[in-house]
Protein chains: 2
Amino acid sequence: MEDQPRWLTDEEMEAWLALVSMLIKLPQALDGQLQRDAGISHFEYQVLAGLSMSAGRTIRMSELAQLADGSLSRLSHVVSRLEKRGWVRRCTDPDDGRYTLAVLTDDGWQKVVETAPGHVATVRECVIEPLTKAQIRQLRDIGRRITDAADPGGTCPG
Amino acid sequence: MEDQPRWLTDEEMEAWLALVSMLIKLPQALDGQLQRDAGISHFEYQVLAGLSMSAGRTIRMSELAQLADGSLSRLSHVVSRLEKRGWVRRCTDPDDGRYTLAVLTDDGWQKVVETAPGHVATVRECVIEPLTKAQIRQLRDIGRRITDAADPGGTCPG
DNA sequence: CTCATTTACTTGAAGCGTCAAGTAAAGTGA
DNA sequence: TCACTTTACTTGACGCTTCAAGTAAATGAG
């Protein structure tokens, strides 16, 4: 990749190690709380939450995949499971038969309403409260820059 | 969790969404590069790198698990695979038969030497270079605070 | 010295994500 | 209008992680 691989300085290494730990521990904390209290994964929550915020609680699979930061294939599997649990229905888009519309059922809406407060509390506890207001702005900027660098041009999901 | 769930402000939500995207995209980028160029996962790299930095290229499983931020069970499975590929050996600690020592073989050392430059380059590209020097320090502090909040007291691995 | 407990690790089954391959509808060119 | 391509999604197999249960060595109580 480079002839002379530039190693990391001490400062860079400290930041990198702190980031790696966060990358492991934070998803565990988020998934753990949702799994214990609601029996769903963080990704499933993102799917339900994305649906709940869509007009008519309905959205195309491909748009939902982007909202929830996942591949279409992953979403398809997850929606199948959510369908079995009665929280989501699928139907073909009448305007264009290639699209599939995911629809949040009343039970699914209820599930989001029940689950959201606990999830938000965990996010506050793990992310918002440990940081100062300035750090929250810093985090937004840092997060965006790293995301752009890691995924230049926002993925074409497979 | 709270009677009156405090929702997130716009600033908090922006930071949170940026963080969630980073949480998805960065591991994908890191795993992707290592998988393509070296045929190993990021976790496997962390295990090999942890071993390569240990005295005598030898370390107890439980210490290695903490170094690599993973459960003992996960590590055990991964070391089994690395053993099959000839990069790691296991032996019982002569001082205390309950401990297992993982030892990096010469082939394993060679693998780390081959793989490290490309991995470091990806870390530079995705994390270090997109940020200013100030942001790198901010990231270290933010990462530590979030990790502490998400995992109060540094896990007892299962 | 013996039995129970603790510690450190291993193992097998179950579930989720990814990848490659497949299907079906819509668009395109002759 | 008939094939060819593209788009949107689904499906099945495989690999990895987690969880629960198990093993084996060391420690501790009586």
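First the proteins, then the strands, lettered A, B, ... as listed; each starts at 1.
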- Partner residues of A/Leu17 under the side chain to side chain contact (heavy atoms under 4.5 Å, CB included) criterion, sequence neighbours left out: A/Met13

- Counterpart residues, side chain to side chain contact (heavy atoms under 4.5 Å, CB included), relative to B/Pro27 (two or more places apart): A/Leu23

- Task: Ignoring hydrogens and angles, state whether a donor on the side chain of A/Ser21 or B/Arg144 is under 3.5 Å from an acceptor on the partner side chain.
- Result: no

- Query: Cut-off 3.5 Å, side chains only: do B/Gln35 and B/Asp31 have a donor facing an acceptor?
  - Reply: no

- Should the pair B/Glu83-B/Arg89 be classified as a salt bridge under the 4.0 Å nitrogen-to-oxygen rule? no

- Query: Can A/Arg140 and B/Glu11 be counted as an ion pair, charged N to O under 4.0 angstrom?
  - Reply: no

d([atom1], [X]; [atom2], [N]) in whole Å:
{"X": "A/Phe43", "N": "C/dT18", "atom1": "CZ", "atom2": "C1'", "value": "12 Å"}
{"X": "B/Glu44", "N": "D/dC16", "atom1": "CD", "atom2": "C1'", "value": "9 Å"}
{"X": "A/Gln28", "N": "D/dT17", "atom1": "CD", "atom2": "C1'", "value": "10 Å"}
{"X": "A/His42", "N": "C/dC16", "atom1": "NE2", "atom2": "P", "value": "16 Å"}
{"X": "B/Gln66", "N": "C/dT7", "atom1": "CD", "atom2": "P", "value": "14 Å"}
{"X": "A/Leu72", "N": "C/dT18", "atom1": "CG", "atom2": "C1'", "value": "13 Å"}
{"X": "B/Leu101", "N": "C/dC9", "atom1": "CG", "atom2": "P", "value": "9 Å"}
{"X": "B/Gln35", "N": "D/dC14", "atom1": "CD", "atom2": "P", "value": "17 Å"}

- Message: Which residues in residues 84-92 of chain A have a heavy atom closer than 4.0 Å to any atom of DNA chain C?
- Response: none

- Item | Base of D/dG12 paired with side chain of A/His77 (donor-acceptor, under 3.5 Å) | yes

- Note on the structure: Per atom distances to the B/Met61 side chain, the nearest of D/dA8, C/dC9, D/dT18 is C/dC9

- Message: I want to check something: taking the side chain as every heavy atom from C-beta on, are B/Arg145 and A/Gln135 in contact at a cut-off of under 4.5 Å?
- Response: yes

- Query: Pairs in or reaching into residues 98-117 of chain A: which pass side chain to side chain donor-acceptor pair (under 3.5 Å), with residues at least two apart or in two chains?
  - Reply: A/Asp96-A/Arg98

Between [N] and [X], is there an OP1 or OP2 to side-chain N/O distance shorter than 4.0 Å?
{"X": "A/Ser73", "N": "D/dC9", "value": "no"}
{"X": "A/Arg81", "N": "C/dG17", "value": "yes"}
{"X": "A/Arg36", "N": "D/dC19", "value": "no"}

Below 3.5 Å between N/O atoms, which protein atoms pair up with nucleotides 26-29 of chain D? Just atom names and distances, please.
unit_1	atom_1	unit_2	atom_2	d
D/dA26	OP1	B/Gly97	N	2.8
D/dA26	O4'	B/Arg98	NE	3.4

- Using a 4.0 Å heavy-atom cut-off across all strands, classify B/Ser76 as base, sugar-phosphate, or nothing. base

- Qualifying salt bridge (charged side-chain N to carboxylate O under 4.0 Å, His left out) pairs, either residue in residues 47-66 of chain A, two or more places apart: A/Arg60-A/Asp93

